[in-house]
Trainee: 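One structure, pasted below without further comment.
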Amino acid sequence: MEEDLIKERKKKLEELKAMGVEPFGRRFSPTHSAADIIEKYGEKQFAENEESAEDVSVAGRIMLVRGHGKAAFAHLQDRSGKIQIYIRLDIIGEDGFKIYEKVDLGDFIGVVGSIFRTRTGELTIKVKKLCFLTKAMRPLPEKWHGLKDVETRFRQRYLDFISNPEVRKIFSLRAKVIKYIREFLDGKGYSEVETPMLHQIAGGAAAKPFKTFHNALGMDLYLRIAPELYLKRLIVAGMEKVYEINRSFRNEGISTRHNPEFTMLEVYTAYADYNDVMDLTEGLIKDAAEKTLGRKKIIFGENELNLESPWKRTPYYEILKEFTQKDFIKMNEEESRRYAKELNVNVDECKNKDEIVNQIFEKIVQPKLIQPAFVIDYPVSTSPLAKSKPDNPDLVERFELFIGGEEIANAYSELNDPIEQRKRFEEQGGTIDEDFVRALEHGMPPTGGLGIGVDRLVMVFANVLSIREVILFPQLKPEK
RNA sequence: GCGCUGCUAGCUCAAUGGUAGAGCAGUUCCCUCUUAAGGAAAAGGUUGCAGGUUCAAGUCCUGCGCAGCGCACCA
């Protein structure tokens with residue numbers, strides 16, 4: 001039983017103490033990582049019995065041990081990978097070997113020794129000194145099959161990292177993508193800002209917010225559902241080019257593409273419109289793929305995605321027509337509801353024609369938008385913060401970007417007319433953010449705005465089909 | 001919220017309604033170039049939880065919990 005396994009380890013811990021070895025040790029200075037050693041000596045030819053002149057020191061977790069009586073091979077894992085170590089009684093001595101005998105899989109040790117190549121060709125550290133660093137009281141998952149149970153992988157993500165190397169790669173990729181986004185935008189003169197996450201009015205999107213309470217102020221606050229309205233205040237302020245990359249929170253269902261907290265990039269560019277923002281988005285994602293993955297063709301699920309420019313740009317009603325053979329522009333609510341039924345799309349919850357058509361778009365069109373595609377010019381009713389088309393007040397200058405059937409970005413020419421903005425808020429029926437309207441009344445220059453779901457972008461880059469695979473600690477119910 | 005599937009040893013997996021098994025890990029012993037090292041032995045279980053049907057339940061039924069997937073929700 002598990003308790004017996006812990007008891008065994010506790011016993012060894014006490015035996016180490018009795019030997020004068022601290023089971024939860026102190027500092028150790030590795031000269032190399034496992035990967036450093038492979039990089040430095042990987043190409044080197046060693047003669048029989050030859051070893052490196054220098055000694056290296058490496059620290060890590062013991063992943064695997066192959067004992068041979070008075071000698072042993074083991075694999076030590078650090079952040080960079082694994083390196084084999086070779087322990088011999090006649091080299092580290094009686095005392096050192098006794099310490100080795102108390103080492104379990106999962107323990108942290110530091111070793112000092114020279115590099116050599118085994119007869120089978122593996123680069124190995126011949127251990128001259130072994131420092132015990134930390135006892136692991138619980139066993140590791142299985143050495144060959146690793147940890148597969150999805151629930152344990154997410155609840156105890158550290159175990160997932162320890163036994164599944166590809167998981168580490170996904171989060172390393174995520175870090176690179178976010179780093180590159182900053183590099184790209186900083187390089188174009190954008191300023192990164194941090195706006196409030198605690199909002200008095202949760203605006204900028206139509207999602208349900210999380211509610212909390214500030215004791216000293218004695219008032220309700222909401223976790224933000226989008227940073228949009230604050231970023232636009234900064235455009236009023238004259239910042240001209242700003243972005244924020246951080247968490248937003250939406251109190252809605254959890255699925256393979258929704259986590260209650262998620263990372264969004266929002267970018268605002270004064271004097272630009274949605275066409276400029278499309279160029280910016282295309283450049284950013286294409287370059288990010290090239291910089292982080294080294295290629296512009298990527299595999300996502302069953303498809304190969306080609307991120308090479310130019311990306312398709314198609315008006316909303318046009319692409320609907322392309323996939324359904326129906327012209328929804330002139331249709332009324334009754335007709336569109338009938339067509340929805342024909343197409344087997346459930347529109348029972350939809351209150352008007354635009355919502356029905358949007359359902360049809362999401363169910364019929366969106367899953368087929370595999371290659372990068374900008375869908376442009378949406379109905380005004382579903383886009384209260386976007387500027388209308390100059391030649392058609394029913395449509396707005398807005399685009400959504402789809403890659404691999406996933407909605408990756410949402411953007412528009414920002415509505416900067418405070419009178420029109422107030423009217424749109426009133427039509428929506430919710431709380432009006434008077435402070436935001438007042439900001440617009442002071443004058444916001446024409447502005448192009450963009451939101452990118454960073455988690456979803458990383459999903460596409462990493463070729464994983466669940467958002468939980470790109471979020472370190474996805475939200476789960478309590479275990480008990 | 002609804003539906004489907006899953007939950008068996010620390011991990012990975014077996015088990016036509018008929019004594020719950022294996023591999024790895026762990027324990028003891030042998031072994032100074034192994035690669036999931038090898039050899040020998042012993043040990044390890046409230047089958048997610050609670051009920052029910054049955055002579056007999058891991059297996060069938062009901063409820064509950066958690067998870068995955070789908071649907072709904074999410075402009």
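Chain identifiers are assigned alphabetically (A, B, ...) following the order of the sequence lines, protein sequences preceding nucleic acid strands; residue numbering begins at 1 within each chain.
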Trainee: Evaluate the ring planes of Y316(A) and F361(A), with Trp represented by its six-membered ring, and classify them as parallel (under 30°), tilted (30 to 60°) or perpendicular (over 60°).
Mentor: tilted
Trainee: Using purine N1 to pyrimidine N3 plus N6-O4 or O6-N4 for Watson-Crick, or N1-O2 and O6-N3 for G-U wobble, each under 3.5 Å, what pairs with rC71(B)?
Mentor: rG1(B)
Trainee: Expressed in whole Å, how much space separates the C1' atoms belonging to rG39(B) and rG17(B)?
Mentor: 41 Å
Trainee: For nucleotides rU35(B) and rU8(B), find the distance between their P atoms and express it as a whole number of Å.
Mentor: 32 Å
Trainee: Quick one: label T256(A) by what it contacts on the DNA or RNA (base, sugar-phosphate, nothing), any heavy atom closer than 4.0 Å.
Mentor: sugar-phosphate
Trainee: Have T195(A) and E244(A) got a donor and an acceptor in their side chains that come within less than 3.5 Å?
Mentor: yes
Trainee: Below 4.5 Å, heavy atoms only, C-beta onward: do L16(A) and F132(A) meet side chain to side chain?
Mentor: yes
Trainee: So which atom in L265(A) and which in V454(A) form the shortest heavy-atom distance, rounded to 0.1 Å?
Mentor: N-CG2, 3.8 Å
Trainee: What's R153(A) touching, base or sugar-phosphate or nothing? Going by heavy atoms closer than 4.0 Å.
Mentor: nothing
Trainee: Starting at CG of L123(A), measure out to CD of Q84(A) and round the result to the nearest 0.5 Å.
Mentor: 9.5 Å
Trainee: Students often get this wrong, so: under 4.0 angstrom with heavy atoms, is N410(A) touching a base, only sugar-phosphate, or nothing?
Mentor: nothing
Trainee: With both distances under 3.5 angstrom, what nucleotide forms a Watson-Crick or G-U wobble pair with rG21(B)?
Mentor: rC13(B)
Trainee: Under 4.0 angstrom, heavy atoms only, what part of the nucleic acid is N358(A) near: base, sugar-phosphate, or nothing?
Mentor: sugar-phosphate
Trainee: Select base, sugar-phosphate, or nothing to describe what A206(A) touches, counting heavy atoms under 4.0 Å on all strands.
Mentor: base
Trainee: Reckon R257(A) touches a base, only the sugar-phosphate, or nothing at all at heavy-atom distances under 4.0 Å?
Mentor: nothing
Trainee: Would you mind pulling out the nucleotide paired to rG6(B), Watson-Crick or G-U wobble, both distances under 3.5 Å?
Mentor: rC66(B)
Trainee: Which label fits Y230(A) and H199(A): parallel for a plane angle under 30°, tilted from 30 to 60°, or perpendicular past 60°?
Mentor: tilted
Trainee: Which part of the nucleic acid, if any, lies within contact of K363(A), taking any heavy atom under 4.0 Å across all strands shown: a base, the sugar-phosphate backbone alone, or nothing?
Mentor: sugar-phosphate
Trainee: With nearest nucleotides of RNA chain B determined for S255(A) and D104(A) from heavy-atom distances, which residue corresponds to the more 5′ nucleotide?
Mentor: D104(A)
Trainee: Pairing check on rU34(B): which nucleotide meets the Watson-Crick or G-U wobble criteria with it, both distances under 3.5 Å?
Mentor: none
Trainee: Please figure out whether K477(A) or A207(A) has its closest RNA chain B nucleotide nearer the 5' end.
Mentor: K477(A)
Trainee: Is any side-chain heavy atom of T118(A) closer than 4.5 Å to a side-chain heavy atom of F73(A)?
Mentor: yes
Trainee: Which value, in whole Å, describes the distance between the P atoms of nucleotides rC13(B) and rA20(B)?
Mentor: 24 Å
Trainee: Determine whether more than 12 heavy atoms belonging to other residues, nucleotides or ligands lie under 6.0 Å from atom CD of E54(A).
Mentor: yes
Trainee: Quick one: are the ring centres of F171(A) and F161(A) less than 6.0 Å apart?
Mentor: yes
Trainee: Are the ring centres of F399(A) and F374(A) closer than 6.0 Å?
Mentor: yes
Trainee: Write down the distance separating the C1' atoms in rA22(B) and rA9(B), rounded off to the nearest Å.
Mentor: 11 Å
Trainee: Tell me whether K12(A) at atom NZ has more than 12 heavy atoms from other residues, nucleotides or ligands lying less than 6.0 Å away.
Mentor: yes
Trainee: Would you grab the first and last nucleotide of RNA chain B (5' to 3') that comes under 4.0 Å of any non-hydrogen atom in chain A?
Mentor: rG10(B) to rA75(B)
Trainee: Strictly below 4.0 Å, heavy-atom distances to any atom of RNA chain B: list the hits from residues 386-404 of chain A, or just say none.
Mentor: R398(A)
Trainee: Say we look at rA72(B) and rU59(B): how far apart would their C1' atoms be, to the nearest angstrom?
Mentor: 33 Å
Trainee: Given the P atoms of rG18(B) and rA56(B), what is the spacing between them in whole Å?
Mentor: 14 Å
Trainee: In terms of side-chain geometry, is the basic nitrogen of D417(A) or K387(A) positioned less than 4.0 Å from the acidic oxygen of its partner?
Mentor: no
Trainee: Please work out which residues in residues 64-75 of chain A have a non-hydrogen atom less than 4.0 Å from an atom of RNA chain B and list them by number.
Mentor: L64(A), R66(A), G67(A), H68(A), G69(A), K70(A), A71(A), F73(A), H75(A)
Trainee: Any heavy-atom pair between the side chains of R117(A) and Y41(A) that's under 4.5 Å?
Mentor: no
Trainee: Strictly by Watson-Crick or wobble contacts shorter than 3.5 Å, is anything paired with rU47(B), and which nucleotide is it?
Mentor: none
Trainee: In whole angstrom, give me the gap between the C1' atoms of rG70(B) and rU34(B).
Mentor: 48 Å
